[in-house]
Amino acid sequence: MRGAQKIVFTSIVFLVALLSNRTMMYSQIKSDTSKMATKIFKFNKSVQIKMNEEVHFEDSLTVLLTSFSHKRPFVGGPTKATAYLTVFNGALSESIMLSIHGTEGKSDIESFDTLIWKEYTFELKKFDYDTAVEVIVSKTK
């Protein structure tokens, strides 16, 4: 019985020492996320917007890429892939769509949408399905 008590006691001491050491290791790690800078993008420049990442512009406009969809064409028919974005400006927010259009089997005949929302123009330049889009955002006022 004495040997079993020593093993239990030694095990408890070992676990307490291990846990207190882990607590000290984690308490030394400083996590200061308040200093993370938000990059502000300029208008009239090409900007890549990745899935679920906000992009901020000079005047408080924020754009978020939320999802993608595509139309399955018949052989040789028209194609359409769409990126769904949410745009925010102050208290105003709205969903918009930008699409790439083409013909099934012909990659050299593609057209990209341009969309006007409030005083902003969104020009789709590149489309990487399920990953990102590249747009040029300009402001008319």
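Every heavy atom of this structure was used, including side-chain atoms; hydrogens, water molecules and symmetry mates were not. None of these values were measured; they are calculated from a predicted model.
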Please check if the number of heavy atoms outside I40 that lie under 6.0 Å from its CD1 is greater than 12. yes
Which is it for T66 and L85 under the side chain to side chain contact (heavy atoms under 4.5 Å, CB included) test, yes or no, and what are the steps along the way? CA-CA 6 Å; T66 57; L85 301 107; 5.9 Å; no
Exactly one of L61, V87, L92 clears side chain to side chain contact (heavy atoms under 4.5 Å, CB included) with K118, and that residue is L92
Indicate the ring-plane relationship of Y120 and W117, choosing parallel, tilted or perpendicular according to the 30° and 60° boundaries. parallel
Would you sort out whether L98 and V135 count as a side chain to side chain contact (heavy atoms under 4.5 Å, CB included), showing the intermediate values? CA-CA 9 Å; L98 292 172; V135 297; 3.8 Å; yes
Side chains of T62 and H56 only: does a donor on one sit below 3.5 Å from an acceptor on the other? yes
Working note: E134 + S46, criterion side chain to side chain donor-acceptor pair (under 3.5 Å); need CA distance, chi angles, decisive distance, verdict. CA-CA 6 Å; E134 194 171 306; S46 186; 2.6 Å; yes
Parallel under 30°, tilted from 30 to 60°, perpendicular over 60°: which one fits the rings of F43 and F57? parallel
Is there a donor in the side chain of T140 and an acceptor in the side chain of E119, or the other way round, less than 3.5 Å apart? no
State, to 0.1 Å, how close A83 and L65 come at their nearest heavy-atom pair, and which atoms those are. CB-CD1, 3.9 Å
Could you tell me how the ring of Y129 sits relative to the ring of F68: parallel (under 30°), tilted (30 to 60°) or perpendicular (over 60°)? tilted
S60 vs N89, test: side chain to side chain donor-acceptor pair (under 3.5 Å). Steps then yes/no. CA-CA 6 Å; S60 79; N89 194 357; 3.0 Å; yes
Whether over 12 other heavy atoms sit under 6.0 Å from K139 NZ: yes
After noting the C-alpha distance and the side-chain angles of S95 and Y84, does the key distance pass the side chain to side chain donor-acceptor pair (under 3.5 Å) rule? CA-CA 7 Å; S95 293; Y84 296 85; over 6 Å; no
